[in-house]
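The structure under discussion appears below in the form of C-alpha cells.
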There are 2 protein chains.
Amino acid sequence: MPGTLTWQWIAAEARRRIAARLWPPGARIPDEADLAAEFGCARATVNRALRELAAAGLLVRRRKAGSFVAAHPVRKATFEIPVIRQDVEARGLRHGYRLIVAETLPAPAAVQARLGLAPHAPLLHLLALHLADGLPFCIEDRWLNPAIPGVAGADFATVSANEWLVQNRPFSGGGIAFSAQAADPQLAGLLGCTPGAALFVVERETWAGAEPITAVRLTYAPGYSVAATI
Amino acid sequence: MPGTLTWQWIAAEARRRIAARLWPPGARIPDEADLAAEFGCARATVNRALRELAAAGLLVRRRKAGSFVAAHPVRKATFEIPVIRQDVEARGLRHGYRLIVAETLPAPAAVQARLGLAPHAPLLHLLALHLADGLPFCIEDRWLNPAIPGVAGADFATVSANEWLVQNRPFSGGGIAFSAQAADPQLAGLLGCTPGAALFVVERETWAGAEPITAVRLTYAPGYSVAATI
DNA sequence: ACGGGTATTATGTGCAGACATAATAACGTC
DNA sequence: GACGTTATTATGTCTGCACATAATACCCGT
C-alpha cells in the first residue's frame, strides 16, 4: 500500500476503522507498536496520527491502559473570534464606531464575580456602539481593569477597546458564552430595533495569567449569527 | 535553564516573547534551527512547539518564508457539542424525550440547499421535544437522509435521532451556526414560554464524506447558553 | 526591463532508538 | 481478604539524522 507511511494516511485509516465499527465505540485499539508493525512505519508516526484523533475527540488515550475509541464521540467546533471591525468588514460592510459612555466606578457584583475581583474595586466602564455601513451592528458593554498599562492614556473615543486590547494587551485565557436575550427599551434604542426583538449575546472574560483584564458583553443587532465548521 | 528541553516549555517561552512584544505582531521569528541552537534542543522539539502555537492562531508559518507572529491574533474558542441528553444530565437534570412528528416529504428549499440535495428529494422529517426534569428544554427539528442504513428500522419515538445518529452514523464533517430567534406561537406552545421570548438557536448540518446525513435546528427554551474556554 | 526557469531555504515529515511517566496489574504481607 | 509496594506496560517525548515540499529569491536570456 503505497503512501501508507504518512501520519495523515494512518489517521484517515484509523478514522475509517472507527466509522466502519471495526473498532467499535469503547473498544481498545491495538497499541502503537502493533500498528506501527502493521503499517510498516515508525511508532512516532502512529503516535502522531493517534494524537490527532485524540485531539479531535475520537480517541481517549491513557498511559499503560491504551487507546480507546470514544464511547460518546464528543464533537468539537472551533470558532474564530474576530475583532468586531474585521467581523463587519468580512461581511463587506464599512465599520463605524461610537463611544457612548466612559466612566470609572465599582462594577456590579455579577461582573466582579466573573472577573474574580474584590467588591467595590473601581473599573473602567465603556459602552460603545459598532456600526456596519452606518447601521447599528453591535453594542460593546465592557468593564476594564484600570491597572492595565496604557489604559489611562488610551483614547477609547477613536479606537474601540475591543481593538485596543487586541493590539496592546495579549491575554492568556478566558471564557466565552453565547446566549439569546430580548431587547429591552435601552438596547432597542441603541440598536434601532423593536423592543422585545431576539438578540444574540456574547459574553467574554479574559485574563493575562492570574490578572483579570476585561469582561465584555456584546449584544448584536437582530439577524446576527456566528458559524463554524465541525 | 532546567526543563528547557520540553516542547511545552518552548511553546510557553514563545508565547511569552510574543506577549512581551519581543516578537512583535507581524514580525518574523528566528527559524527552527536557530531556536533549537538557542534552547539547546533538537529541531523537532522546536517544530512541535511552534506547530502548537500555529494551531492556536498565534503564529503563521510558511515554507521557505518562515514563521511570523500573527498580525491580528485571531483567537479561537472550541465548543464541545454534546448529545442533548448529556447536556441535560450535565446540568443535573433528568432527560426526557417526546417525538411529535415523523413524516417523509420533500424538504423545504432552504434545507435542500443546506444539504446540497436535489429539489423534491423526499427526506425524513422529525420534530421532537427534549425535556429537562419534565420541563421543555429544546426542540429538535430535523431532516434526515432516508438513504442512511438503518434509518428505516430505527424507532425515533423512543430514541432521539440526535442520539441514534451519534451511535450509528459517524460523520466526517459539517457546519454549525448559532443565532437568536423570537418565539413564534408554535414554538412558544411547545416550549411553554411566552410568544416573542428570545430563544437560542443552533443549526447544524453533517455529512459523511460527500453524502449528506442530516440538517437539524435546535431551538432552546429561554435562558439557555453555551459556554467554552478560550 | 521583463519573464521564466532554477537554486536556495525554511518548514513538513519520516525513521530508529532511547528514556520518562503514569497507570495498571501483580505480588507479598498482615 | 484487604492493603500497600513493586513490576510491568503503553503512551509521551526527545534526539539526530534524512529527505520531501513549497515558496521565495536569484539569475539569465531575450
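A note on names: the letters A, B, ... follow the listed sequences, proteins ahead of strands, and every chain is numbered from 1. All values below were derived from every heavy atom in this structure, side-chain atoms included, with hydrogens, water molecules and symmetry-related copies excluded.
- Listed in residue order, the members of residues 44-53 of chain A having a heavy atom less than 4.0 Å from DNA chain D are A/N47.
- Rounded to a whole Å, the CZ atom of B/R61 is 15 Å from the P atom of D/dT24.
- OP1 or OP2 of D/dT24 sits under 4.0 Å from a side-chain N or O of B/R62.
- Classified by interplanar angle (parallel below 30°, tilted 30° to 60°, perpendicular above 60°), the ring pair B/Y97/B/H130 is tilted.
- Within residues 28-36 of chain A, no residue is approached by DNA chain C to less than 4.0 Å at the level of any non-hydrogen atom.
- Every salt bridge (Lys or Arg N to Asp or Glu O under 4.0 Å) that A/E203 has, sequence neighbours left out, goes to A/R114, A/R217.
- Side-chain proximity of A/T6 to D/dG16, C/dC15, C/dG14: nearest is C/dG14.
- Between A/S67 and D/dA10 there is no side-chain polar atom (N or O) within less than 4.0 angstrom of OP1 or OP2.
- In this structure, A/F137 and A/Y224 have perpendicular ring planes: the angle between them is above 60°, well past the 30° mark.
- Taking every side-chain heavy atom of B/R63 into account, D/dT21 is the closest of D/dT15, D/dT21, C/dC15.
- Note: A/F200 and A/F178 have tilted aromatic rings, judged against thresholds of 30 and 60 degrees for the angle between ring planes.
- Between B/W207 and B/F171, the distance from one ring center to the other does not fall under 6.0 angstrom.
- The distance between atom CZ of A/F68 and atom C1' of D/dA10, rounded to the nearest whole Å, is 10 Å.
- Between A/R17 and A/E38 there is a salt bridge, since a side-chain N of the basic residue sits under 4.0 Å from a carboxylate O of the acidic one.
- Where A/R43 and A/Q8 meet DNA chain C, the nucleotide closest to each residue was compared, and A/Q8 sits on the side nearer the 5' end.
- Remark: A/R61 engages A/E32 in a salt bridge, criterion side-chain N to carboxylate O under 4.0 Å.
- Residues B/L126 and B/L144 meet the side-chain proximity criterion, which asks for heavy atoms closer than 4.5 Å.
- The shortest side-chain heavy-atom distance between A/W23 and A/P30 falls under the 4.5 Å cut-off.
- One interatomic measurement links the two molecules: NZ of A/K64 to P of C/dA23, which rounds to 12 Å at whole-angstrom precision.
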